[in-house]
Enquirer: 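Quick one: structure below, then a few questions.
In what follows, every chain begins at residue 1, and chains take the letters A, B, ... in the order their sequences are listed. Source: prediction; values computed, not measured.
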Amino acid sequence: MSGSIYDELKERGFIAQVSDEAAVRRKLDNEKTTFYIGFDSTAASLHAGSLVPIMAMVHLRRAGHTAVALTGGGTTMVGDPSGKSEMRQMLEEERIRAFGTAIRAQLDRYLRFDQPGAVSLDNADWLKPLNYIEFLRDIGRHFSVNRMLAAEAYKLRLEKGLSFIEFNYQLLQAYDYLMLWRTHKCTLQMGGDDQWGNILAGVDLIRRVEGAAVEAMTFPLLTTASGAKMGKTAQGAVWLDANLFSPYQYFQYWVDCDDRDVGRFLRLYTLLPLDEIRRLEALRDRDINEAKRVLAYEATRLTHGDAAAEEARAGAAAAFGGQGGKDVESLPTTAVPRARLEAGIAPAELFTEVGLTPSRGEAKRLIQQGGLYVNDGRVDALTRLVTLKDAGPDGILLKAGKKKIHRVVPA
RNA sequence: GGGCAGGUACCAAAGUGGUUAAAUGGGACGGGCUGUAAACCCGUUGCGGAAACGCUUCGAAGGUUCGAAUCCUUCCCUGCCCA
């Protein structure tokens, strides 16, 4: 490697826009820099869409820079309208605080705030005590409404409606940057490309108020090759919290990615050396599944740890690799009372109970379409009861479609 | 505050008293083909029921009617124009 962290980030696909490429390159390659990324406190967990900023922090931290992870206890009270088609629902302060705590705990797994080089802050600490009049006079006067209205990020909202509270968001985010510059000598803010306007507002503000030059960098907003937003599935978000989205599901999310995305994802979501990635992404046809498994394993390891990644990999092998032997232990499992199995359980009931189907109606529909399986045998009738006889040494394997699998053991 | 236009299922969007669980498109899901891929083809897409059928749904609450997503009243919300 060239040894340039900037080039590495660039080659891995982390960089969408930079305020001043030469300045940022110099800063990151030659100086110890403190940089920050903000995370909204809008949910109890981050999802895969936040992985790019997280990974960027991990890379820069490893290169010796100091990462400030800022949770938005204050800004989330206001809500960012950038690029959004409508106003987000207002959250209660208490929930925002709880979300922030959960998110900080999640970030801690990647950043280890107890070690040097990573700091966790919440902007509620300085935004909430603000005095309105003072804020308007000190900060508000530096913002041109004309220019804000011209911004691309608000275009949509100028047609569908933009409330005053949201219009203030940019000022608050700019103020965050100013505060971090003052208190932590933070000179680089990063964020999703939809944050470009907000970040530049901060750069501008610091120049006007402090006469200092600070920088901005954004990450590309990723969509999968088929156009879906990164980290979203039809069922919902790909949460980083194991209770909301299990390591097994998480592993499968990565394995299921489009062929065209494998190289890009390996670069962004794993710490594997670029040489290794080039080898993996060169694989073709069925061999590319090998690259997908590596991607899934590495990504799962970063988010859920080595043990969970091993288990998820073993579970996947059991589900898709023919007879998996002991590995079926790793599959999602539900215990069902022996007596109920002796009596026999209607498949629609059982599949719904273990969560493979959302309702009995849906389960019946799938049966009629040949989409439910018991021990790899297709359920051909609604009346085909699942009984104790179906249980082998590993219990009973239920499948909905080819990919969703669940194990039932008698208890 | 005044005028106008709207709020329908995951999304978009028809429907303006019964034949509407609600057209159509997208998405999603299942099957086929494959490589746990893409593309393509077929099918499904409120809940319960083996079925007959029943139940819940069209911003909210009331009302008219044998019968309401459709008519009336009040309320909530959104956009545009005027102030």
Enquirer: Quick one: Asp380(A) CG to rG30(B) C1', roughly how many Å, whole number?
Expert: 16 Å
Enquirer: Which of these nucleotides, rG32(B), rU36(B), rC29(B), is closest to any side-chain atom of Ala316(A)?
Expert: rU36(B)
Enquirer: Which part of the nucleic acid, if any, lies within reach of Leu158(A) when heavy atoms closer than 4.0 Å are counted: base, sugar-phosphate only, or nothing?
Expert: sugar-phosphate
Enquirer: Could you tell me if Arg313(A) sits above the aromatic ring of Tyr297(A), with its cationic atom closer than 6.0 Å to the ring centre and no more than 45 degrees from the axis?
Expert: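 Yes, a cation-pi geometry holds between Arg313(A) and Tyr297(A).
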Enquirer: Any N or O donor-acceptor pair linking the side chain of Gln369(A) to the base of rG43(B) at under 3.5 Å?
Expert: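 By the distance-only test, yes, there is a pair.
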Enquirer: Between rG48(B) and rG59(B), how many Å separate the two P atoms, rounded to a whole number?
Expert: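 About 24 Å, rounded to a whole number of Å.
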Enquirer: Could you tell me whether His304(A) and Phe251(A) have their ring centroids closer than 6.0 angstrom?
Expert: no
Enquirer: Mind checking the P distance from rG6(B) to rG15(B)? Whole angstroms is fine.
Expert: 11 Å
Enquirer: Nearest-Å distance, CZ (Arg360(A)) to P (rA51(B))?
Expert: 13 Å
Enquirer: Base, sugar-phosphate alone, or nothing: which one does Lys399(A) contact when heavy atoms must sit under 4.0 Å apart?
Expert: nothing
Enquirer: Is Lys364(A) close enough to rA50(B) that one of its side-chain N or O atoms is under 4.0 Å from OP1 or OP2 there?
Expert: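 Yes, such a contact exists.
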Enquirer: With a 3.5 Å limit on both atom pairs, tell me what rC80(B) is paired to, counting Watson-Crick and G-U wobble, or say none.
Expert: rG3(B)
Enquirer: State whether Glu215(A) and Arg25(A) are salt-bridged, where the test is any N-O pair (Lys NZ or Arg NE/NH1/NH2 against Asp/Glu carboxylate O) under 4.0 Å.
Expert: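 Salt bridge between Glu215(A) and Arg25(A), a charged N being under 4.0 Å from a carboxylate O: no.
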Enquirer: Can you tell me, in whole Å, how much space there is between the P of rA9(B) and that of rA83(B)?
Expert: 36 Å
Enquirer: Please give, in whole Å, the distance from rG48(B) C1' to Phe351(A) CZ?
Expert: 19 Å
Enquirer: In whole Å, what separates the C1' atom of rC77(B) from that of rU8(B)?
Expert: 15 Å
Enquirer: Touch check for Leu372(A), heavy atoms < 4.0 angstrom, all strands: base, sugar-phosphate only, or nothing?
Expert: nothing
Enquirer: In the strands shown, is rA9(B) matched to any nucleotide by a Watson-Crick or G-U wobble pair with both distances under 3.5 Å, and which?
Expert: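 By the stated definition (distances under 3.5 Å), nothing pairs with rA9(B).
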Enquirer: Each nucleotide N or O in nucleotides 37-41 of chain B that has a protein N or O under 3.5 Å away: list the pair and distance.
Expert:
unit_1  : atom_1 : unit_2    : atom_2 : d
rA37(B) : OP1    : Lys403(A) : NZ     : 3.0
rA37(B) : N3     : Asp259(A) : OD2    : 3.3

Enquirer: Mind calculating the distance between CZ (Arg286(A)) and P (rG35(B)) to the nearest angstrom?
Expert: 5 Å
Enquirer: Nearest nucleotide by nearest heavy atom, which residue falls closer to the 5' end of RNA chain B, Ala400(A) or Asp285(A)?
Expert: Ala400(A)
Enquirer: If we call it a pair only when both distances are under 3.5 Å in a Watson-Crick or G-U wobble match, what pairs with rG18(B)?
Expert: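 By the stated definition (distances under 3.5 Å), rC66(B) pairs with rG18(B).
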Enquirer: How is Gln368(A) classified with respect to the nucleic acid when contacts are heavy atoms under 4.0 Å: base, sugar-phosphate, or nothing?
Expert: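 Result for Gln368(A) = nothing.
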Enquirer: Has Lys292(A) got a side-chain atom pairing as donor or acceptor with Cys257(A)'s backbone, closer than 3.5 angstrom?
Expert: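 Yes; at least one donor-acceptor contact below 3.5 Å.
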Enquirer: By nearest atom, which of the nucleotides rC47(B), rU36(B), rA50(B) is closest to the Arg365(A) side chain?
Expert: rC47(B)
Enquirer: Using a 4.0 Å heavy-atom cut-off, does Arg284(A) contact any base of the nucleic acid, only the sugar-phosphate backbone, or nothing at all?
Expert: nothing
Enquirer: For Phe251(A) and rU36(B), give me the distance from atom CZ to atom C1', rounded to whole Å.
Expert: 10 Å
Enquirer: Any N or O donor-acceptor pair linking the side chain of Glu362(A) to the base of rU45(B) at under 3.5 Å?
Expert: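 When only heavy-atom distances are counted, Glu362(A) does not reach the base of rU45(B) through any donor-acceptor pair under 3.5 Å.
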Enquirer: Does Tyr373(A) or Thr352(A) map to a spot on RNA chain B nearer the 5' end, using the closest nucleotide for each?
Expert: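 Its nucleotide being nearer the 5' end, the pick is Tyr373(A).
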Enquirer: In the structure shown, which nucleotide is the Watson-Crick or G-U wobble counterpart of rA28(B), with both distances under 3.5 Å?
Expert: rU44(B)
Enquirer: Check every atom of rC47(B), rG30(B), rU36(B) against the side chain of Ser359(A) and return the nucleotide holding the closest atom.
Expert: rC47(B)
Enquirer: When you compare rA28(B) with rA12(B), how far apart are their C1' atoms, in angstrom units rounded to a whole number?
Expert: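 Looking at atom C1' only, rA28(B) and rA12(B) are 15 Å apart.
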Enquirer: Expressed as a whole number of angstroms, how long is the span from Asp287(A):CG to rU36(B):P?
Expert: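 Spelled out: CG on Asp287(A) to P on rU36(B) is 12 Å.
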Enquirer: Let me confirm one number: the CZ-CD distance from Arg365(A) to Glu362(A), rounded to the nearest 0.5 Å.
Expert: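 The CD atom of Glu362(A) is 5.0 Å from CZ of Arg365(A), to the nearest 0.5 Å.
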Enquirer: Please report the distance separating the C1' of rA69(B) from the corresponding atom of rA22(B), rounded so that it comes out in whole Å.
Expert: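 My reading of the C1' atoms in rA69(B) and rA22(B) gives 8 Å.
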Enquirer: Can you tell me the distance, in whole Å, between the CG atom of Leu382(A) and the P atom of rG30(B)?
Expert: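 Spelled out: CG on Leu382(A) to P on rG30(B) is 18 Å.
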Enquirer: Show, in sequence, the C-alpha distance, side-chain angles and deciding distance for Gln106(A) and Asp241(A), and conclude whether the side-chain hydrogen bond (donor to acceptor under 3.5 Å, both in side chains) test is met.
Expert: CA-CA 8 Å; Gln106(A) 255 173 1; Asp241(A) 182 327; 4.5 Å; no
Enquirer: Write down the partner of rU73(B) under the Watson-Crick or G-U wobble criteria, each distance required to be under 3.5 Å.
Expert: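 The answer is rA61(B), by the H-bond criterion.
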Enquirer: For Arg267(A), run the salt bridge (Lys or Arg N to Asp or Glu O under 4.0 Å) check against Glu8(A), Glu281(A), Glu11(A) and tell me which one passes.
Expert: Glu281(A)
Enquirer: For atom P, what is the distance between rC10(B) and rC80(B), given to the nearest Å?
Expert: 27 Å
Enquirer: Taking atom P in both rG7(B) and rU16(B), what distance in whole Å separates the two?
Expert: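 So the two P atoms sit 13 Å from each other.
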Enquirer: Measure from the side-chain heavy atoms of Arg293(A) and tell me the nearest of rC29(B), rU36(B), rG31(B).
Expert: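 Nearest listed nucleotide: rU36(B).
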Enquirer: Which is it for Thr334(A) and His406(A) under the side-chain hydrogen bond (donor to acceptor under 3.5 Å, both in side chains) test, yes or no, and what are the steps along the way?
Expert: CA-CA 8 Å; Thr334(A) 300; His406(A) 201 95; 2.5 Å; yes
Enquirer: With a 3.5 angstrom cut-off on both distances, give the Watson-Crick or G-U wobble partner of rA37(B), or none if there isn't one.
Expert: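 rA37(B) is unpaired by these criteria.
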Enquirer: Any idea which heavy atoms bring Gly13(A) and Pro220(A) closest together, and the distance?
Expert: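 Taking Gly13(A) first and Pro220(A) second, the nearest heavy atoms are O-CG, 3.3 Å.
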Enquirer: In this structure, is the centre-to-centre distance between the rings of Tyr269(A) and Trp254(A) below 6.0 Å?
Expert: yes
